[in-house]
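Residue numbering restarts at 1 for every chain, and letters A, B, ... go by the order of the sequence lines.
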Amino acid sequence: MSFSRNNKRNSRPLVASFVIIGGFIILLLSLVVSIIYGAAEIDLPTTWDALTQFDPNETAHQIIRNLRLPRGLAAALIGAALAVSGAIMQGMTRNALASPSIMGITAGASFMIAVAMAITPQVSSLAMMIWAFAGAGLGAGIVFGVGSISKSGLTPVKLALAGTAVTSMLSALSSGIAIHFNIAKDMSFWYAGGVASVQWIHVQLLAPIVIIGLLIALLLSKSITVLNLGEDVAKGLGQQTVLLKIIATIVVLLLTGAAVAVAGTIGFIGLVIPHITRFLVGVNYRWIIPAAAVLGALLLVLADTASRMVNPPFETPVGTMTALVGVPFFLYLARREGRGL
Amino acid sequence: MVSQKRKTGLLLIGLLLAIFVTLLISLNTGTMTIGPIDVWKTIIGQGSDQNELVLFDFRLPRMVIALLIGAGMAISGAILQGVTHNELADPGILGINSGAGFAVVLFIYLTQGSTSSQVFILPLAALAGAVLAAILIYLISWKNGVSPIRLILVGIGINAAFSALIIVFQLKMDPNNFTQATIWLSGNIAGTDWTYTLTLLPWILILLPITFYKSGTLDTLHLGDETAQGLGTHVERERLFLLFVAVALAGASVAVGGAIAFLGLVIPHLARKLVGSRHKHMLVISALLGALLLLAADTIGRNILAPSEIPVGLIVSLIGGSYFVYLLMKS
């Protein structure tokens, strides 16, 4: 499997099917591991009982049902959402570095969280979600707004530059608020993210958004493949590039907004999983999007499980785990052939 | 290019004037306002003891250090952008800042903020971290030479890794140390004295002229590796040398001023916009612009919410960011 320029445009349906199906099976297995493993040891039969014959009086059943199950599911949903957002953004902008954190979405969400924490000391988790969601929209809105006000329009480079600038400004404002109101530590805990305190309400809010987002992404995937050949080519082939970009942007906002709102800033998935996926399955987005969803979910479930194993009973921030898993692979790709990224 | 030369010359004079005016304003303002006449009296040696203390021991070193760090960071960014052919490159994006930040956070964590001499050791730790990050980036991107794209990609990876490690250790700290680390990471030059200034001065005095001297090489490298090779440049050797200069500048600046983001990114853009992309002109203007911006930002940070101070890095991000956004909308 060379990664040269010649077969860069090829897709590998066979490998892709294998990645999607095999990845899904491994994902289910790791979900089971993630549900069984934790501070309280619970064996497999008890876990099975908790799922099939739930007994509210059993503590073990309660732990499985109300803590571990929503946590595992949320990790899978968030991983998929972030990976697919990254894939769409990279495909759409033809920018290898495009990812939710570059485009100001994460910074916008954290900024609004800082505001929320500063004005109301006890924010409920639901309110927090709404704030973060509004912030994600705000960040992306400013970045895309700046990009589209400029005369030459939304070029990929311009978008990335605007994203970097807006991210820096919003993070500066958040740090200022954090230092001034003395909430730096609370902020960082939220920043560091994680699905540790996920409840069913979060999963119920996440699931429809992520599923709908993924379905629309799948519908758009063919057009994204064309768009990835270049805007002119896409227009020449009669594609409605503006409409496509608008819909794709909304999908990205929905997916990352929901993910960031529940789990804070889990940075590396949206950047690195699309690269890994393209490396495995080629550049047809019809394969990339489902494969990225599976791999993203798998990475976050594994990372979340690992975050509980590294230093029990303390939890290591899951964003750190994804970075520490993702970085070596990213470096490997960067070394292999810079152009592929 | 005569008109370009004249333009650069005029800008040079304009910037020097602006820096001078900002210096005067900065001297006058602060928690304790000292009128212009008193400032003058103090400078010629006839001021009160208190004024002398405030001006010479607190404000002046801080202002000089702002100028030095501003110039150093801006030039570091300009070199990195030239060498990597990427206008998004700066010490922050390549992970040099976060390498320094990691070293500082690790140090505060290990000593529990208890060492009284840590004001002197922190800069050393930061410098070591910056150098470590740079070595890692270079070694990992080495493969029969270092291509610009590999360099920047590896830099982004290293940045992510260090940022993750920073969070791990930060979350284990007690609230006091945590706040101390956060302020340092936001970029802060409060509490500097002449010792810091004198530590930083030689770096800037030696490295800046070297960079100006190498401006022709930067122009050639900008043409692409093959063209540069064809013109007889030792691409690999020059790149390594220039990278070393950029890291040394960034490392020394970060060591004293904390992780001031955005300066290295935005100033070279602004300079290119003003005098074009020839490094001979662009580097000089970058240095002055960087110095001016950081001095102005620090003056604002000291006064806007006085008596509490806002880390200068945050002000830089806000000013630099807005300007950058404006640039993008206009272009």
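- Both the backbone and the side chain of Ser322(B) come within less than 4.5 Å of a heavy atom in chain A.
- When every heavy atom of Ser317(B) is checked against every heavy atom of Ala172(A), the shortest pair comes out as CB-CB, 3.4 Å.
- Contacts of Ala126(B) classified as side chain to side chain contact (heavy atoms under 4.5 Å, CB included), with partners at least two apart in sequence or in another chain: Ala100(B), Val104(B), Trp184(B), Ala255(B).
- Contacts between residues 131-138 of chain B and chain A, defined by a heavy-atom separation under 4.5 Å, are made by no residue at all.
- Put simply, of Leu314(B), Val316(B), Val325(B), the one with the most heavy-atom pairs under 4.5 Å next to chain A is Leu314(B).
- Val301(A) meets the side chain to side chain contact (heavy atoms under 4.5 Å, CB included) test with Leu27(A), Ser30(A), Leu31(A), Ser34(A), Ala75(A), Ala76(A), Thr305(A); sequence neighbours excluded.
- The ring-ring contact (aromatic ring centres under 6.0 Å, His included) search around Phe162(B) returns Phe102(B), not counting sequence neighbours.
- Contact annotation for Leu265(B): only side-chain heavy atoms (C-beta onward) come within less than 4.5 Å of a heavy atom of chain A.
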